[in-house]
Novice: 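Got a structure here, written out as structure tokens. Questions coming.
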Amino acid sequence: MKKPDVKVVLLGDMNVGKTSLLHRYTERKFKDTISTVGGAFYLKQWGPYNISIWDTAGREQFHGLGSMYCRGAAAVILIYDVTNWQSLAELEERFLSLTDTANHDCIYAVVGNKADLTDPKAQQFQDPDETSEDRAECEEGRTEPQLHKQVPPEDAVSFYERILRYKGLDEKSSLPAGKMCFETSAKTGYNVDTLFEALFDLVLPSILRKRNENQVSPTVDLEECRGANNKRARSSCC
Ligand SMILES: Nc1nc2c(ncn2[C@@H]2O[C@H](COP(=O)(O)OP(=O)(O)OP(=O)(O)O)[C@@H](O)[C@H]2O)c(=O)[nH]1
Ligand SMILES: [Mg+2]
């Protein structure tokens, strides 16, 4: 298996659509999901780089695993459901502290999913890479968005600003909220490529730094090491 250059982690409460977003991006379809157990990852080839995208479980019982999944992350996508205000509150109360193990220069995106339920633009969007069969299935029962958006975009922006404060980052020298807050629909594909690809571009410096560090760090010749250890072992046993 190829070695990932960087890690991107999806975090958020159960049912917000983390797995569906990953399916939409990687498989170009919206399919049935079952609540994630533990976590799972997908390896994405991005030009010459390999990016691992980690899908985590939102259920309370797996909460303890979150900080393990975030260890060494170059980007964390914090996902809420636009029709559920509590899912945004949970990001701050339960999930933000899990990112303490992420890289010091980790990038954060705040994503309101299920925009198709509230926004005609997101509802009418068509993923150009979706097969006609998958699209027909998705179109079934399509009606005008009827649900009330419980989370206005300004609340997501305020949350992003609080993330920067929590991380001790200066707002002026950090990526602006306007660039890091998204509304998506895993169901129609609205903004899904935009989200992942914007992040991949932004983690590029992290990838290059890591590759550089690997090049300059002294390499250890295992064969030579083994030889030396054998010699030492031999000499100590006599
Ligand atoms: N309308 C609509 N429904 C969605 C969207 N994304 C996900 N869903 C539905 O929301 C439910 C939960 O989706 P999942 O992707 O399993 O949610 P999750 O965040 O991975 O949940 P856990 O694995 O339990 O943490 C499923 O019924 C999905 O079909 C979306 O963009 N629009
Ligand atoms: Mg899931």
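Order of listing sets the numbers, starting from 1, for every ligand and every atom in it. What's counted below: heavy atoms across the whole structure, side chains too, no hydrogens, waters or symmetry copies. For this chain, numbers begin at 1 and follow the sequence in order.
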Novice: Which of the atoms of ligand 1 are close to Lys187, meaning less than 4.0 Å from one of its heavy atoms?
Specialist: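 By the 4.0 Å cutoff, the relevant atoms are 1 (N), 30 (C), 31 (O), 32 (N).
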Novice: Under the criterion ring-ring contact (aromatic ring centres under 6.0 Å, His included), which of Tyr42, Phe196, Trp46, Phe30 is the partner of Tyr25?
Specialist: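 Result: among Tyr42, Phe196, Trp46, Phe30, Phe196 is the only option passing the ring-ring contact (aromatic ring centres under 6.0 Å, His included) with Tyr25.
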Novice: Mark yes or no for whether Arg135, through its side chain, and Gln126, through its backbone, hold a donor-acceptor pair below 3.5 Å.
Specialist: no
Novice: Taking NZ, NE, NH1 and NH2 as the nitrogens, is one of them in Glu92 or Arg162 under 4.0 Å from a carboxylate oxygen of the other?
Specialist: yes
Novice: Name the closest protein heavy atom to atom 24 (O) of ligand 1, giving the residue it belongs to and the distance to 0.1 Å.
Specialist: Ser35 OG, 2.6 Å
Novice: Answer yes or no for atom 27 (O) of ligand 1: protein heavy atom present at a distance under 4.0 Å?
Specialist: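 Under 4.0 Å from atom 27 (O) of ligand 1, zero protein heavy atoms found.
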Novice: For Glu183, run the salt bridge (Lys or Arg N to Asp or Glu O under 4.0 Å) check against Lys114, Lys121, Lys149 and tell me which one passes.
Specialist: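 Of all the options given, the one that passes is Lys149.
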Novice: Can you check whether Thr184 has an N/O within less than 3.5 Å of an N/O in ligand 1?
Specialist: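 No, there is no polar N/O contact under 3.5 Å.
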Novice: Where does the angle between the aromatic ring planes of Trp54 and Phe41 fall among parallel (under 30°), tilted (30 to 60°) and perpendicular (over 60°)?
Specialist: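 Judged by the thresholds at 30° and 60°, the geometry between Trp54 and Phe41 is parallel.
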Novice: Please report which non-hydrogen protein atom sits nearest to atom 10 (O) of ligand 1, along with the residue it belongs to and the distance in Å to one decimal place.
Specialist: Lys114 NZ, 3.1 Å
Novice: What's the spacing between Phe95 CZ and Ser87 OG if we round to 0.5 Å?
Specialist: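 Nearest 0.5 Å value for the CZ-OG distance: 10.0 Å.
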Novice: Does an N or O from Ile34, backbone or side chain, lie closer than 3.5 Å to an N or O of ligand 1?
Specialist: no
Novice: Are Arg94 and Asp13 within salt-bridge range, i.e. N to O under 4.0 Å?
Specialist: yes
Novice: Should you measure from each heavy atom of Thr36, which atoms of ligand 1 turn up under 4.0 Å away?
Specialist: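 Reading through ligand 1 atom by atom, the close ones are 22 (P), 23 (O), 24 (O).
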Novice: Report the part of Asn15 (side chain from C-beta onward, or backbone N, CA, C, O) that has a heavy atom under 4.0 Å from ligand 1; answer both or neither where that applies.
Specialist: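 The answer is both.
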Novice: Could you check atom 19 (O) of ligand 1 against the protein and tell me its nearest heavy-atom contact, residue, atom and distance included?
Specialist: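 Answer, as residue, atom name and distance: Lys18 NZ, 2.7 Å.
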Novice: Tell me whether Trp85 at atom CH2 has more than 12 heavy atoms from other residues, nucleotides or ligands lying less than 6.0 Å away.
Specialist: no
Novice: Counting N and O atoms only, with roles assigned by atom type, does the side chain of Gln45 sit under 3.5 Å from a partner on the main chain of Gly47, one being a donor and the other an acceptor?
Specialist: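 Pair found, side chain donor or acceptor close to backbone of Gly47.
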Novice: Apply the test salt bridge (Lys or Arg N to Asp or Glu O under 4.0 Å) to residues Arg28 and Asp193: give CA-CA distance (whole Å), side-chain angles for both, the deciding distance (0.1 Å), then the verdict.
Specialist: CA-CA 10 Å; Arg28 319 309 308 185; Asp193 288 354; 3.0 Å; yes
Novice: Is it the side chain (CB and beyond), the backbone, both or neither of Leu21 that lies under 4.0 Å from ligand 1, heavy atoms counted?
Specialist: neither
Novice: Atom CG of Leu147 and atom OG1 of Thr118: how far apart are they, to the nearest 0.5 Å?
Specialist: 8.0 Å
Novice: Output the distance between atom CG (Leu21) and atom OG1 (Thr26), rounded to the nearest 0.5 Å.
Specialist: 10.5 Å
Novice: Report yes or no: does Ser20 have an N/O/S atom closer than 2.8 Å to the Mg ion (ligand 2)?
Specialist: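 No.
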Novice: Any idea which protein heavy atom is nearest atom 29 (O) of ligand 1, and the distance to it?
Specialist: Phe30 CZ, 3.2 Å
Novice: Which of the numbered atoms in ligand 1 are under 4.0 angstrom from any heavy atom belonging to Ala186?
Specialist: 6 (N), 30 (C), 31 (O)
Novice: So for Gly12, does at least one of its heavy atoms come nearer than 4.0 angstrom to any atom of ligand 1?
Specialist: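 No.
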Novice: Looking only at protein heavy atoms, which one is nearest to atom 6 (N) of ligand 1, and how far off is it?
Specialist: Asn113 ND2, 3.2 Å
Novice: Identify the closest protein heavy atom to atom 16 (O) of ligand 1: which residue and atom is it, and at what distance?
Specialist: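 The protein heavy atom lying closest is Thr33 OG1, 2.7 Å.
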Novice: Is the closest N or O pair between Leu117 and ligand 1 shorter than 3.5 Å?
Specialist: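 In this structure, Leu117 places no N or O atom under 3.5 Å from an N or O of ligand 1.
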Novice: Using a 4.0 Å heavy-atom cut-off, which part of Asp116 comes near ligand 1: side chain, backbone, both, or neither?
Specialist: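 Contact part for Asp116 vs ligand 1: side chain (C-beta onward).
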Novice: Between OG1 of Thr36 and OG1 of Thr19, what angle is found at the Mg ion (ligand 2), rounded to 10 degrees?
Specialist: 90°
Novice: Note the single closest protein heavy atom to atom 13 (O) of ligand 1, along with its residue, its atom name and the distance in Å.
Specialist: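 It is Ser20 OG, 3.6 Å.
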Novice: Below 4.0 Å, non-hydrogen atoms only: which portion of Thr19 touches ligand 1? Side chain, backbone, both or neither.
Specialist: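 Both backbone and side chain of Thr19 come within 4.0 Å of ligand 1.
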Novice: Would you mind listing which atoms of ligand 1 come within a distance below 4.0 Å of any non-hydrogen atom of Ser185?
Specialist: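 Once the distances to Ser185 are compared, the set is 31 (O).
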Novice: Does Glu133 CD have over 12 foreign heavy atoms under 6.0 Å away?
Specialist: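 Open: at most 12 neighbouring heavy atoms sit under 6.0 Å from CD of Glu133.
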Novice: Suppose we only count N/O/S atoms under 2.8 Å; would Met14 qualify as near the Mg ion (ligand 2)?
Specialist: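 No - counting backbone and side chain alike, Met14 has no N, O or S atom under 2.8 Å.
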Novice: Could you tell me the separation between the OG1 atom of Thr19 and the NE2 atom of His23, rounded to the nearest 0.5 Å?
Specialist: 6.0 Å
Novice: Under 4.0 Å from any heavy atom of Met14, which atoms of ligand 1 are there?
Specialist: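 Near Met14, the atoms of ligand 1 are 21 (O), 22 (P), 24 (O), 25 (O).
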Novice: In the protein, which heavy atom is nearest to atom 17 (O) of ligand 1, and how far is it?
Specialist: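 Heavy-atom neighbour on the protein nearest atom 17 (O) of ligand 1: Gly17 N, 3.2 Å.
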Novice: How many angstroms lie between atom OG1 of Thr184 and atom CG of Asn113, to the nearest 0.5 angstrom?
Specialist: 3.5 Å
